[in-house]
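What follows is a single structure, written as structure tokens, with notes after it.
Chain letters run A, B, ... following the sequence lines, proteins first, then strands; residues in each count from 1.
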Number of protein chains: 2
Amino acid sequence: MILIHWRDNFTARQNDAAMNEKNIRAILRKANLRCTRGRVDVLQVLLESPDPTTHEDLHKKLQGTGINRVTVYRVLETLQKSGIVHRVEAGDRIWRFAVCGRMHPGHCHPHFICRQCGKIECLKEFPMPDMPSVAKDYTVEEQEMYLRGICPNCASKIKNLKCK
Amino acid sequence: MILIHWRDNFTARQNDAAMNEKNIRAILRKANLRCTRGRVDVLQVLLESPDPTTHEDLHKKLQGTGINRVTVYRVLETLQKSGIVHRVEAGDRIWRFAVCGRMHPGHCHPHFICRQCGKIECLKEFPMPDMPSVAKDYTVEEQEMYLRGICPNCASKIKNLKCK
DNA sequence: TGTTAATATGCAACAGAGTTGCATATGTAT
DNA sequence: ATACATATGCAACTCTGTTGCATATTAACA
């Protein structure tokens with residue numbers, strides 16, 4: 001499918017802009033969304049971002065395009081609703097967005113929040129744990145998991161300090 | 001008439017409250033916190049609340065005490081930091097707080113958010129799933145899980161509608 | 001019981017991330 | 001090319017949570 005295809009290309013970092021835009025448009029069309037300038041740009045930045053991204057970061061990265069800050073909000077809302085991106089809660093009341101993986105709308109992996117540096121990551125390589133065996137009365141449609149602790153970068157820094 | 005009736009109820013309630021206050025003070029002392037009026041009151045309301053509670057709700061419930069709104073924020077922050085209550089992210093940028101269970105600081109159970117009615121619940125009877133097998137580079141200290149879908153109440157309402 | 005130091009609280013003001021309303025622009029189907 | 005649905009820019013707003021400072025309060029101690 002198209003989604004998997006463009007992710008592979010992206011991962012290999014061999015895409016050119018035109019090819020990428022083509023794929024981005026395909027994603028939007030698949031979701032029955034218009035391929036507006038704002039949406040293409042936002043989605044491109046998100047695809048290039050390793051980590052979940054805030055409205056503000058997106059706005060900054062796209063300031064050359066003249067996109068309005070409110071439009072960033074609206075685009076992200078639309079993309080989220082259509083299942084293309086997922087929203088991440090970091091506990092600081094700032095929403096962050098990241099592209100969903102593997103045809104999965106919503107969260108399909110845990111997220112890690114470092115209490116030291118504040119970095120927030122999608123743990124894409126790790127599966128969401130099995131749904132807890134909740135009572136049958138609850139209809140569980142989505143599952144989010146957040147892990148908090150020390151990220152590898154901070155851990156190695158702390159380790160280095162200890163070695164001194 | 002009404003006043004006397006209320007007073008009788010109040011007296012009975014007062015006895016329960018006194019016992020409860022004793023326990024509350026013990027909790028606070030255990031955490032090396034002062035047993036201030038605000039803290040006792042807030043903790044009491046939280047202990048009586050089946051669901052995670054917002055600052056605003058707490059402030060409303062305690063308006064007879066004259067507690068300042070800012071103090072509600074501060075008390076909750078203090079209680080959270082000391083591990084007595086945990087904070088719940090519902091995705092609406094409003095924090096909710098609930099008492100931690102069973103000597104466990106932080107999250108020790110999943111939370112359920114109903115997309116229909118917005119109700120947010122601690123699923124206390126259900127254990128947090130096993131920590132996902134994240135790479136060893138990550139030091140996982142805390143784990144939060146949120147389940148989203150339809151709560152039993154809304155599910156039965158929808159069912160009733162269907163039966164008509 | 002009184003004293004005192006640490007810290008909790010009330011108050012007023014503020015910050016900022018996200019939202020709203022409306023006029024205009026734009027994408028796309030025909 | 002036209003038309004319609006909706007995306008966007010702009011200005012203003014909302015509201016949840018935070019800050020700073022003066023005063024009140026708790027609890028340890030003598």
Whole-Å distance, A:Lys60 NZ to C:dG16 P, equals 12 Å

Which of A:His86, A:Glu144, A:Lys124, A:Glu121 passes side chain to side chain donor-acceptor pair (under 3.5 Å) with A:His109? Answer is A:His86

Count I, L, V, M, F, W, Y as connected when their side-chain heavy atoms are under 4.5 Å apart, and connections chain through other members. Are B:Leu79 and B:Val88 then in the same cluster?
no

Could you state the atom-to-atom distance from CD1 of B:Ile67 to C1' of C:dC11 in whole Å?
14 Å

Let's see if you get this right: which residues in residues 69-79 of chain A place a heavy atom under 4.0 Å from DNA chain D?
A:Arg69, A:Val70, A:Thr71, A:Arg74, A:Val75

According to a 4.5 Å side-chain heavy-atom criterion applied to Ile, Leu, Val, Met, Phe, Trp and Tyr, with indirect links allowed, do B:Leu58 and B:Leu28 form part of one hydrophobic cluster?
yes

To the side chain of B:Asn68, which of C:dA17, D:dT16, C:dG10 is closest?
C:dG10

Between A:Arg37 and A:Glu21 (salt bridge meaning N to carboxylate O under 4.0 Å), is one present in this structure?
yes

Starting from P on D:dC15, measure out to CH2 on B:Trp95 and report it in whole angstrom.
18 Å

So, do B:His111 and B:Leu123 sit near enough that their side-chain heavy atoms are less than 4.5 Å apart?
no

Nucleotide C:dG16, atom P - distance to CZ of B:Arg93 in whole Å:
12 Å

Just how far, in rounded Å, is P of D:dT14 from CD1 of B:Ile94?
16 Å

For B:Leu33 and B:Arg39, run side-chain contact (heavy atoms from CB on, under 4.5 Å): C-alpha distance rounded to whole Å, both residues' side-chain angles, the deciding distance at 0.1 Å, then the answer.
CA-CA 9 Å; B:Leu33 297 178; B:Arg39 288 172 182 172; 3.9 Å; yes

Got A:Phe97 and A:Gln80 here, is their nearest side-chain heavy-atom distance under 4.5 Å?
yes

When you group the ILVMFWY residues by side-chain heavy-atom contacts below 4.5 Å and let the links chain together, are A:Tyr146 and B:Met145 in the same group?
no

Could you tell me how far apart A:Leu28 (CG) and D:dT6 (P) are, to the nearest whole angstrom?
16 Å

Could you point out which residue of A:His59, A:Lys61, A:Lys60 forms a side chain to side chain contact (heavy atoms under 4.5 Å, CB included) with A:Val45?
A:Lys61

Does A:Gly38 or B:Phe97 map to a spot on DNA chain D nearer the 5' end, using the closest nucleotide for each?
A:Gly38

Between C1' of D:dT16 and CD of B:Glu89, the distance in whole Å:
13 Å

Please enumerate all protein N or O atoms sitting under 3.5 Å from an N or O of nucleotides 23-30 of chain C, with distances to 0.1 Å.
| unit_1 | atom_1 | unit_2 | atom_2 | d |
| --- | --- | --- | --- | --- |
| C:dT28 | OP1 | A:Cys35 | N | 2.9 |

Here the distance between atom P of C:dT19 and atom NE2 of A:His59, to the nearest Å, is 15 Å

